[in-house]
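Everything on this sheet refers to the single structure shown next.
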There are 2 protein chains.
Amino acid sequence: MKWNPYAAECPTRQLLDRISNKWVVLILGLLVDGPKRFSVLKREIDGISQKMLSQTLRNLEHDGLLTRRAFPTVPVTVEYELTPLGQSLNVAVDPLRKWATGNMTKVFRARERVECRTSE
Amino acid sequence: MKWNPYAAECPTRQLLDRISNKWVVLILGLLVDGPKRFSVLKREIDGISQKMLSQTLRNLEHDGLLTRRAFPTVPVTVEYELTPLGQSLNVAVDPLRKWATGNMTKVFRARERVECRTSE
DNA sequence: CAGAATCCGTAAGGATACTG
DNA sequence: CAGTATCCTTACGGATTCTG
């Protein structure tokens, strides 16, 4: 079988759409070194709504990238942990996170150049 | 200066949002080995509208990731080519494309497992 | 605490038509 | 050919409320 995201109907196109997403990238980055609780993730990802967080987590669980474990404490505690598949995806998105932080300055300079040109 | 995409107001958050996008990933992948014309890109990325293509290309140019060159032919010819910065971004997103095609089967299996569970 | 459910505004994005 | 402009319809995603 030959997968090809350049074909509109190929499942890899939708998969690519699912995983190329800032929330996915940020969540995976936090789960690299061990499981974390819902509220911890929410606190560490500044600005994410609980709707987006739970929705993204559900999708990731559905696709086998992480596991959800609920502990019958009072109140309930829930932990999310990367599966081996999720770990491998994190390896793939890690360069993206690093690129963003590592090249922000260069992007800024490029934007300034354009603004100068348009103001001429 | 310390960039941190986990902070909502950090510019790297928006940058990450911009580059974590299926169209960006697909376009960059096509421009790795040399410049390409608008119509060629449109044809090779099945299902992309010309609106999304031109919009994404404009953003990428704005951020210094590619250059646009128009040739005064009749009708006009336009070529897009990666800048060194764009090349470096492509290196960062390349693992993502490969992950999607390389793990589609595993994701499918994970989804089936969930569907079995919910139908019980 | 960890969500599900609802409501709602905005923006993403397709389709179509028009231009240099 | 390579767009821009417009319209229009989804769905993304935030805010709020409610529950085990």
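Order of the sequence lines sets the chain letters (A, B, ...), proteins ahead of strands, with each chain counted from 1.
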Leu53(A) CG - dG3(C) C1' separation (whole Å): 10 Å

For atom CG of Leu57(A) and atom P of dG3(C), their distance in whole Å: 7 Å

Taking the side chain as everything from C-beta on, heavy atoms only, tell me whether Leu60(B) gets closer than 4.5 Å to Tyr80(B). no

side-chain hydrogen bond (donor to acceptor under 3.5 Å, both in side chains) partners of residues 19-33 of chain A, not counting sequence neighbours, each pair once: Lys22(A)-Asp17(B)

Under the salt bridge (Lys or Arg N to Asp or Glu O under 4.0 Å) test, which residues partner Arg18(B), sequence neighbours left out? Asp63(B)

Heavy-atom nearest pair, Thr101(A) first then Thr12(B), reads CA-CG2, 4.0 Å

Touch class at under 4.0 angstrom, heavy-atom based, for Tyr80(A) against every strand present: sugar-phosphate

Results of side-chain hydrogen bond (donor to acceptor under 3.5 Å, both in side chains) for Thr77(B) - residues two or more places apart only: Thr73(B)

Could you list the donor-acceptor pairs under 3.5 angstrom formed by side chains in residues 85-99 of chain A, with sequence neighbours left out?
unit_1: Ser88(A); atom_1: OG; unit_2: Leu85(A); atom_2: O; d: 2.6
unit_1: Ser88(A); atom_1: OG; unit_2: Trp99(B); atom_2: NE1; d: 2.8
unit_1: Asn90(A); atom_1: OD1; unit_2: Arg97(A); atom_2: NH1; d: 3.4
unit_1: Asn90(A); atom_1: OD1; unit_2: Arg97(A); atom_2: NH2; d: 3.1
unit_1: Asp94(A); atom_1: OD1; unit_2: Arg97(A); atom_2: NH2; d: 2.7
unit_1: Asp94(A); atom_1: OD2; unit_2: Lys98(A); atom_2: NZ; d: 2.7
unit_1: Arg97(A); atom_1: NH1; unit_2: Val25(A); atom_2: O; d: 2.8
unit_1: Trp99(A); atom_1: NE1; unit_2: Ser88(B); atom_2: OG; d: 2.8

At under 4.0 Å between heavy atoms, which parts of nucleotides 11-20 of chain C does protein reach? Answer with one letter per nucleotide, 5' to 3': B base, S sugar-phosphate only, - none. --BBBBB--B

Side-chain N or O of Arg58(B) versus OP1/OP2 of dT4(D): is the shortest distance under 4.0 Å? yes

Between the axis at one end of the helix from dC1(C)-dG20(D) to dG20(C)-dC1(D) and the axis at the other (five pairs apiece), what's the angle to 10 degrees? 50°

How about Ile48(B) and Leu26(B): do any of their side-chain heavy atoms sit closer than 4.5 Å? no

Would you please test Met104(B) and Leu15(A) for side chain to side chain contact (heavy atoms under 4.5 Å, CB included) and show each step? CA-CA 8 Å; Met104(B) 190 68 247; Leu15(A) 181 59; 3.7 Å; yes

Rounded to whole angstroms, how far apart are CG on Asp46(A) and P on dG14(D)? 12 Å

Among residues two or more places apart or on two chains, list those pairs meeting side-chain hydrogen bond (donor to acceptor under 3.5 Å, both in side chains) that have a residue in residues 44-54 of chain B. Lys36(B)-Glu44(B)

Rounded to whole Å, please give me the gap between CZ in Arg69(A) and C1' in dC1(C). 17 Å

Hey, what do you get for CG (Leu41(B)) to CD (Glu79(B)), rounding to the nearest 0.5 Å? 10.0 Å

The side-chain hydrogen bond (donor to acceptor under 3.5 Å, both in side chains) partners of Ser39(A) (sequence neighbours excluded) come to none

Atom-to-atom span, CD1 of Ile45(A) to C1' of dA2(C) - whole angstrom: 15 Å

Just how far, in rounded Å, is C1' of dA2(D) from CG of Leu66(B)? 15 Å

With a 4.0 Å heavy-atom cut-off, tell me which residues in residues 26-43 of chain B come close to DNA chain C, sorted by residue number. none

If I take atom CD in residue Gln14(B) and atom C1' in nucleotide dG13(D), what distance separates them, rounded to the nearest angstrom? 15 Å

